[in-house]
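A quick note: this is a predicted structure, and the numbers were derived from the prediction, not measured.
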Amino acid sequence: MKKLINDPQRVVREMLEGLCDLHPGLALLQAEDVVVRAELPPAAERPVAVLSGGGAGHEPAHAGYVGPGLLAGAIAGDVFTSPSVDAVLAGIRAASGPAGAILVVKNYTGDRLNFGLAAELARAEGIPVELVVVADDVALHATVPPERRRGIAGTVLIHKLAGAAAAAGQGLEAIAALARAAAAELGSMGVALDACTVPAAGRPGFALGPAEIELGLGIHGEQGVERAALAPADQLVERMLEVILTDRGFRPGERVALLVNGLGGTPPMELAIVARRAIAVLREGGLAVERAWAGEFLTALEMPGISLSVLRLDDSRLALLDAPAEAPAWPGPGRIAPARRIVAAEPAPAVAKPAATGPLTPALGQALQRVAAALEAAEGRLTELDSRAGDGDLGLSMRRAAAALRALPEAGALVDPPTALAAMADAVRRAIGGSSGPFYATALMRAARSLPPLPQARDWAVAFEEAVAAIGALGGARPGDRTMLDALAPAANAFARSLEAGEGLPKAIQAAAQAAEAGVAATADMLPRLGRASYLGARAVGVPDAGAAAAAIWLRALAGPGEP
């Protein structure tokens, strides 16, 4: 188990201490794991207190929603364990007054029992208390009756509705009624790509194969209702929304709010991809998506996965969702654009296409096809090399460059050598991400400017040298720094020497390819001084540089068949 914790028995308390240190609007009870608003009014002046809670491990829930317009307090149990009756009762006493308290409880046996008993004890002390149970997990529609379903991430929307109603001064029974009605028109469903590890257990709750997912799971690291095959995000979203919309009886023309919730290990990139399709599916079904949020709202420790929640809206609920609220985890109004806005980019200035000074032989077009094929074939190797000392994207970048190069002959770009090189620069600039794109584009542009329309052999050597110099000037690298220059610089030197010896272009290119390959081999023993590999220091030694390897691959392809 690798976690940034101290004692597994103290993770909850230390987590709450850190949360309260970070947010001055929160206060922690001395004897219980309960967070309340730091500046509550005197008890006699307090509105209805909305409280929630449950086991820890769902952060930012529940303490992250304590603040004006949301919760008055949150009670935390051990990880994935209901808080004790005494802790819940302490929270009720600390946050409520004569107006009473609403307890928003997710539908788990431990939570219902402990919050329910605490409510009874509070009533015996004269504090009016109402219990609102959220059972929004529609994945269990074929397994258990509605009243026995689990409460999952949609509970956060009930926090917001109830908290806003309390802040507006509504009474206990009215708030309980609107919260229960909203919970009945709320549906959620989740999917996990892997398990999470409870600190006290020290091991994952279940094991999944590389191409397996758990569909319809809860929030406590348990398995779902079905183990299924991994599918693209859009397909998973469509499947989950079909269950939610069918179970809750949503009809075209209705208004809804959408919550895309990360389960703890899902990056914002994937949440945005999911939100994109979820909004589209709802709109395609004739539903008006009035509000939407994407982020981590109620998690399961570090579990990779998501849940989707859909809430039926009317004017009253929309107003409560939009009402002001301040809490560490509440993102604010989830207003979205009525339609995706696509803005056309400014066109590049028109450039007159030069007239041909003499058609290039088919050799250049054939050479480009060989280069493209070689880069495509090397994708896996380049990805592996780049992953050892970089970010692993070079193989994909070179595949994109290959596709761009294949299109050049059809685009009529091979008019003369300078025009062809300029077209290559433009193509790779657009196709390759990261640092390789600017390096190659700069090199090709510099070479294009140095070439006459009808170059001689020596002109090509000068262009090669200019290209290598441009890369060094742009990135600040020199041979020996373990970069692509360690392949290109010796290749340019060998190319020039071969031409000076009168060996002709084909032999010169062969010499350049051989020098580049020797340069690649040498990089395995070099200490990196630039780029991401330099962050690894000596740990990168023993593996050839991926950028140098890519240069050697396309040089060998340019050389074509013949003696290697």
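For Pro333 against Trp293, the heavy-atom pair with the smallest separation is C-NE1, 3.8 Å. The minimum heavy-atom distance linking Ala56 with Met15 is given by the pair CB-CE, 4.2 Å. Leu298 approaches Ala61 most closely through the heavy-atom pair CG-CB, 3.8 Å. The minimum heavy-atom distance between Ala27 and Cys20, with the atom names listed, is C-SG, 3.9 Å. Across every non-hydrogen atom of Pro41 and Pro47, the tightest pair is CG-CD, 4.5 Å. Minimum interatomic distance between Leu16 and Ala63 (heavy atoms only, all atoms of both residues): CD2-CB, 4.2 Å.
Side-chain atoms of Val48 and Gln170, non-hydrogen and from C-beta on, never get closer than 4.5 Å to each other. The side-chain heavy atoms of Asn107 and Arg150, taken from C-beta on, include no pair separated by under 4.5 Å. For the pair Met189/Leu308, no side-chain contact is recorded, criterion being any heavy-atom separation below 4.5 Å from C-beta on. Contact check for Val50 versus His159: no side-chain heavy atoms found under the 4.5 Å cut-off. For the pair Tyr108 and Phe80, the minimum side-chain heavy-atom distance is 4.5 Å or more. Inter-residue side-chain proximity for Ser84 and Asn114 is flagged as unmet; no heavy-atom pair is nearer than 4.5 Å. With contacts defined as side-chain heavy-atom distances shorter than 4.5 Å, the pair Arg10/Asn6 does not qualify. In this structure, Val310 and Leu241 have side chains that are in contact, with non-hydrogen atoms separated by less than 4.5 Å.
Interatomic distance, CG of Leu230 versus CD of Gln235, reported as 9.5 Å (0.5 Å rounding). Separating the CD atom in Glu376 from the CZ atom in Arg399 is a distance of 5.0 Å, to the nearest 0.5 Å. Interatomic distance, Ser307 OG to Asn261 CG, rounded to the nearest 0.5 Å: 4.0 Å. Here CD1 of Ile158 is found 8.0 Å from CG of Asp136. Values are rounded to the nearest 0.5 Å. Atom-to-atom distance recorded for Lys106:NZ and Arg112:CZ is 13.0 Å, nearest 0.5 angstrom. Here Leu161 contributes atom CG and Leu157 contributes atom CG; the two are 7.0 Å apart, rounded to the nearest 0.5 Å.
A donor-acceptor pair is defined here as one N or O able to donate and one able to accept, closer than 3.5 Å; no such pair exists between the side chain of Thr81 and the backbone of Gly77. Under a 3.5 Å cut-off, the side chain of Asp247 and the backbone N or O of Val138 do not form any donor-acceptor pair. At distances below 3.5 Å, not a single donor-acceptor pair connects side-chain atoms of Glu384 with backbone N or O atoms of Leu382. Remark: the backbone N or O of Pro328 is not paired with any side-chain donor or acceptor of His23 at under 3.5 angstrom. At distances below 3.5 Å, at least one donor-acceptor pair connects side-chain atoms of Glu59 with backbone N or O atoms of Gly57. No side-chain donor-acceptor contact under 3.5 Å links Thr299 to the backbone of Gly264. Proximity of a side-chain donor or acceptor of Ser82 to a complementary backbone N or O of Gly110 within less than 3.5 Å is detected. With hydrogens and angles ignored, the 3.5 Å screen pairs no side-chain donor or acceptor of Thr155 with any backbone N or O of Gly151. Put simply, the side chain of Glu254 gets close to the backbone of Arg251: a donor and an acceptor are under 3.5 Å apart. Remark: side-chain polar atoms of Lys160 are paired, donor with acceptor, to backbone N or O of Ala323 under 3.5 angstrom.
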Working for side-chain contact (heavy atoms from CB on, under 4.5 Å), residues Val543 and Leu385:
CA-CA 7 Å; Val543 179; Leu385 286 176; 3.7 Å; yes
Can Leu245 and Leu287 be said to form a side-chain contact (heavy atoms from CB on, under 4.5 Å), step by step?
CA-CA 10 Å; Leu245 300 181; Leu287 298 170; 3.8 Å; yes
CA sep, side-chain torsions, deciding dist, call: Leu103, Ile92, side-chain contact (heavy atoms from CB on, under 4.5 Å):
CA-CA 9 Å; Leu103 304 183; Ile92 296 171; 4.0 Å; yes
Stepwise side-chain contact (heavy atoms from CB on, under 4.5 Å) test for Leu51 and Leu71:
CA-CA 5 Å; Leu51 298 102; Leu71 301 181; 6.0 Å; no
Test salt bridge (charged side-chain N to carboxylate O under 4.0 Å, His left out) on Asp33 and Arg13 and set out the steps.
CA-CA 6 Å; Asp33 291 338; Arg13 187 68 182 184; 3.1 Å; yes
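Summarising the local packing, CD of Glu147 is surrounded by more than 12 heavy atoms from other residues, nucleotides or ligands at distances under 6.0 Å. The environment of CD in Glu242 is sparse: at most 12 heavy-atom neighbours from other residues, nucleotides or ligands sit within 6.0 Å. In the displayed structure, Glu173 atom CD is contacted under 6.0 Å by at most 12 heavy atoms of other residues, nucleotides or ligands. Applying the 6.0 Å contact sphere to CZ of Arg335 captures more than 12 heavy atoms from other residues, nucleotides or ligands. More than 12 heavy atoms of other residues, nucleotides or ligands lie within 6.0 Å of CZ in Arg123, so this atom counts as buried by the packing criterion. Environment of CD in Glu39: sparse, with no more than 12 heavy atoms of neighbouring residues, nucleotides or ligands closer than 6.0 Å. More than 12 heavy atoms of other residues, nucleotides or ligands shown are found within 6.0 angstrom of CD on Glu284.
Under 4.0 Å is where a charged nitrogen must lie from a carboxylate oxygen, and between Arg227 and Glu214 at least one such pair does.
A side-chain contact (heavy atoms from CB on, under 4.5 Å) with Leu301 holds for exactly one of Val79, Thr197, Leu263; it is Val79.
A cation-pi arrangement is present between Arg312 and Phe250, with the terminal nitrogen or guanidinium carbon under 6.0 Å from the aromatic centre and inside a 45° cone about the axis.
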